[in-house]
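Taking it in order: structure first as structure tokens, then the write-up.
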Amino acid sequence: MKHCSLLLFLSVMMVIGSCKKDEPIETNKFGKISFQFAHKVNGLALVTDTLIYVNAAGNEYLVNEVQYFISDVILHNSDGSDFMINQDGGIHYVDTDIPSTFSWAVTTDIPVGNYSSVSFTFGISEAKNQSNMFPNPPERDMFWPEFLGGGYHYMKLNGKWLDTLSQVTPFNFHLGIGQIYAHDVINVDSITGFVQNYFTVTVPNSSFAINENQTTSMELIMNIESWFDTPHVWDFNYWGGSIMQNQQAMQTAKENGADVFTIGTIQ
């Protein structure tokens with residue numbers, strides 16, 4: 001009798017085990033995301049090469065072009081998990097002279113879910129910002145001089161302003177690696193260290209959903225006036241036309257960059 005009970009028990013367990021093996025395994029569900037980049041001044045589309053803008057310091061200025069990198073984009077899920085986009089090394093280049101760079105179609109599968117926000121690095125992190133990693137233009141032409149720290153510019157925002165003599169004067173509002181100089185002597189031979197000026201941007205009101213087999217399109221807007229307005233009022237007559245090799249100026253620009261990006265349409 002005991003042997004019969006044991007055999008019956010083993011038979012039942014085998015049936016249960018075989019049923020579990022035959023049950024379909026639930027597959028994860030994925031969608032896609034793409035980013036569209038827009039550039040505005042005071043809520044209107046950027047108009048280049050035209051002296052029509054005035055910043056908070058009262059400087060009349062124009063913008064010739066804006067060129068920059070964003071990297072390490074992180075999608076923050078409402079469940080507390082994060083998803084980092086690693087496509088193309090996790091780096092995307094945007095250039096107002098090259099409309100094709102305004103769109104970044106991410107081919108990586110993104111887990112379906114509700115996401116609370118998007119954040120990214122403005123520029124390129126120290127670990128990734130290696131000289132000569134871009135062999136071809138236009139990215140190649142963003143190189144940062146080796147003697148100033150190497151790697152690449154985070155941004156070139158080039159334009160002109162009307163100075164105190166009413167002369168139209170060029171400015172190069174460039175962000176990249178900063179330098180520490182012995183005794184504040186601005187000379188390459190007196191460099192004692194370098195400062196990484198990339199920074200994290202958490203885009204406000206950037207919640208979105210990823211749906212199965214669908215692509216979510218998100219518009220990221222660079223509000224150019226904010227580079228010169230908040231939290232520090234930027235006066236070109238004080239800072240001059242070039243801020244490379246001026247860490248105080250780049251630190252000020254970096255802090256102004258925290259709220260430069262906002263969300264446009266999400267669909």
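Residue indices begin at 1 and follow the sequence shown. Because the structure is predicted, anything quoted here is derived from the model rather than measured.
Lys40 has its side chain out of reach of Leu46: every pair of non-hydrogen atoms, C-beta onward, lies at least 4.5 Å apart. Side-chain contact check for Thr50 versus Leu62: every heavy-atom pair is 4.5 Å or farther apart. For the pair Asn86/Thr108, no side-chain contact is recorded, criterion being any heavy-atom separation below 4.5 Å from C-beta on. Glu60 is not listed as a side-chain neighbour of Ile52, based on a closest heavy-atom distance of 4.5 Å or more. Between Ile33 and Ile85, some side-chain heavy-atom pair lies under the 4.5 Å cut-off.
Atom CD of Glu146 and atom CG of Asn132 lie 6.5 Å apart (nearest 0.5 Å). Here Phe236 contributes atom CZ and Asp163 contributes atom CG; the two are 12.0 Å apart, rounded to the nearest 0.5 Å. One distance of note links NE2 of His39 with CG of Leu157; it measures 9.5 Å at 0.5 Å rounding. Note that CD1 of Ile210 is 10.0 Å distant from CG of Asn114, once rounded to the nearest 0.5 Å. The CD atom of Gln251 lies 11.0 Å from the CD1 atom of Ile243; values are rounded to the nearest 0.5 Å.
Judged purely by atom type and a 3.5 angstrom limit, Gln36 has no side-chain atom pairing as donor or acceptor with the backbone of Glu219. In this structure, Asn55 contributes its side chain and Asn59 its backbone to a donor-acceptor pair below 3.5 Å. Between the side chain of Asn77 and the backbone N or O of Gly80, no donor-acceptor pair lies under 3.5 Å. Checked by atom type and distance alone, the side chain of Ser190 never pairs as donor or acceptor with a backbone atom of Ile186 at under 3.5 Å. A donor-acceptor pair under 3.5 Å links the side-chain atoms of Asn256 to the main chain of His232, judged by distance alone.
The cluster map of Ile, Leu, Val, Met, Phe, Trp and Tyr, joined by side-chain heavy atoms under 4.5 Å apart, puts Val233 and Trp161 in different clusters.
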Per-pair distances, 0.1 Å, donor-acceptor, side chain in residues 220-229, under 3.5 Å, sequence neighbours excluded:
| from | atom 1 | to | atom 2 | distance (Å) |
| --- | --- | --- | --- | --- |
| Asn223 | ND2 | Val260 | O | 3.0 |
| Asn223 | ND2 | Thr262 | OG1 | 2.9 |
| Glu225 | OE1 | Asn42 | N | 2.9 |
| Ser226 | OG | Thr230 | OG1 | 3.1 |
| Ser226 | OG | Asp259 | OD1 | 2.8 |
| Asp229 | OD1 | Ala56 | N | 3.1 |

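Note on residues 201-217: no pairs pass side chain to side chain donor-acceptor pair (under 3.5 Å), not counting sequence neighbours.
Looking at residues two or more places apart in sequence or on another chain, you find a side chain to side chain contact (heavy atoms under 4.5 Å, CB included) between Phe147 and Pro145, Val188. Residues that satisfy the salt bridge (charged side-chain N to carboxylate O under 4.0 Å, His left out) test with Lys32, not counting sequence neighbours, are Asp109. In this view, His76 satisfies the ring pair (Phe, Tyr, Trp, His ring centres under 6.0 Å) rule with no residue, not counting sequence neighbours. Under the salt bridge (charged side-chain N to carboxylate O under 4.0 Å, His left out) criterion, Lys254 pairs with no residue at all, not counting sequence neighbours. Among residues two or more places apart in sequence or in another chain, the side chain to side chain contact (heavy atoms under 4.5 Å, CB included) test is passed with Pro137 by Arg140, Asp141. Not counting sequence neighbours, Gln130 has no partner by the side chain to side chain contact (heavy atoms under 4.5 Å, CB included) test.
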Check step by step if side chain to side chain contact (heavy atoms under 4.5 Å, CB included) holds for Asp72 and Lys128. CA-CA 10 Å; Asp72 296 338; Lys128 290 184 176 181; 2.5 Å; yes

Would Thr169 and Lys160 satisfy side chain to side chain contact (heavy atoms under 4.5 Å, CB included), going step by step from the backbone distance to the final call? CA-CA 5 Å; Thr169 305; Lys160 298 174 182 178; over 6 Å; no

Does Asp95 form a side chain to side chain contact (heavy atoms under 4.5 Å, CB included) with Phe102? I'd like the steps, not just the answer. CA-CA 7 Å; Asp95 189 325; Phe102 296 176; 5.9 Å; no

Can you check ring-ring contact (aromatic ring centres under 6.0 Å, His included) on Phe171 and Trp239, steps first, answer last? CA-CA 10 Å; Phe171 69 78; Trp239 293 112; over 10 Å; no

Between Glu65 and Thr48, is a side-chain hydrogen bond (donor to acceptor under 3.5 Å, both in side chains) present by the stated rule, with each step listed? CA-CA 7 Å; Glu65 69 249 326; Thr48 59; over 6 Å; no

Side chain to side chain contact (heavy atoms under 4.5 Å, CB included), that's the test. Do Met155 and Val66 meet it? Break it down for me. CA-CA 7 Å; Met155 178 179 71; Val66 191; 4.3 Å; yes

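There is no side-chain donor-acceptor pair under 3.5 Å between Asn129 and Trp144. Residues His153 and Gln67 have side chains that never bring a donor and an acceptor to within less than 3.5 angstrom of each other. Using modelled atom types and a 3.5 Å distance limit, the side chains of Ser242 and Asn172 yield no donor-acceptor pair. In this structure, a donor-acceptor pair under 3.5 Å is absent between the side chains of Gln247 and Tyr181. There is a side-chain donor-acceptor pair under 3.5 Å between Asn64 and Asp49. Between the side chains of Thr107 and Gln87, at least one donor N or O lies within less than 3.5 Å of an accepting N or O.
In the hydrophobic clustering, where aliphatic and aromatic side chains (Ile, Leu, Val, Met, Phe, Trp, Tyr) are joined below 4.5 Å either directly or transitively, Phe69 groups with Ile91, Tyr93, Ile124, Met133, Phe134, Met142, Phe143, Tyr152. Residue Phe30 belongs to no hydrophobic cluster, having no ILVMFWY side-chain heavy atom closer than 4.5 Å to its own. Membership of the apolar cluster around Met84 extends to Ile74, as traced through chained side-chain contacts below 4.5 Å between ILVMFWY residues. In this structure, Val195 shares a hydrophobic cluster with Ile180, the cluster being traced through Ile, Leu, Val, Met, Phe, Trp and Tyr side chains under 4.5 angstrom apart.
Smallest separation of non-hydrogen atoms from Ser71 and Gly123: OG-O, 2.8 Å. Nearest approach of Gly257 to Val201, heavy atoms of both residues: O-CG2, 4.3 Å. Across Val73 and Ile70, no two heavy atoms sit closer than the pair CG2-CD1, 4.0 Å. Between Gly150 and Ile177, the shortest heavy-atom distance links the atoms O-CD1, 3.5 Å. The two residues Gly151 and Ser131 have their closest heavy-atom pair at N-OG, 2.8 Å. Closest non-hydrogen pair, Asn197 versus Gly176, comes out as ND2-O, 2.9 Å.
Under a cut-off of 6.0 angstrom, the local environment of CG in Asp184 is sparse, with at most 12 non-hydrogen atoms contributed by other residues, nucleotides or ligands.
Checked against the 6.0 Å centroid threshold, Tyr68 and His174 do not count as a close aromatic pair. Taking the six-membered ring where the residue is Trp, the centroids of Phe122 and Tyr198 are separated by 6.0 Å or more.
Classification of the Phe35-Phe37 ring pair by plane angle, with boundaries at 30° and 60°, yields tilted. Using bins of under 30°, 30° to 60° and over 60° for the plane-to-plane angle, the ring pair Tyr53/Tyr61 lands in the tilted bin.
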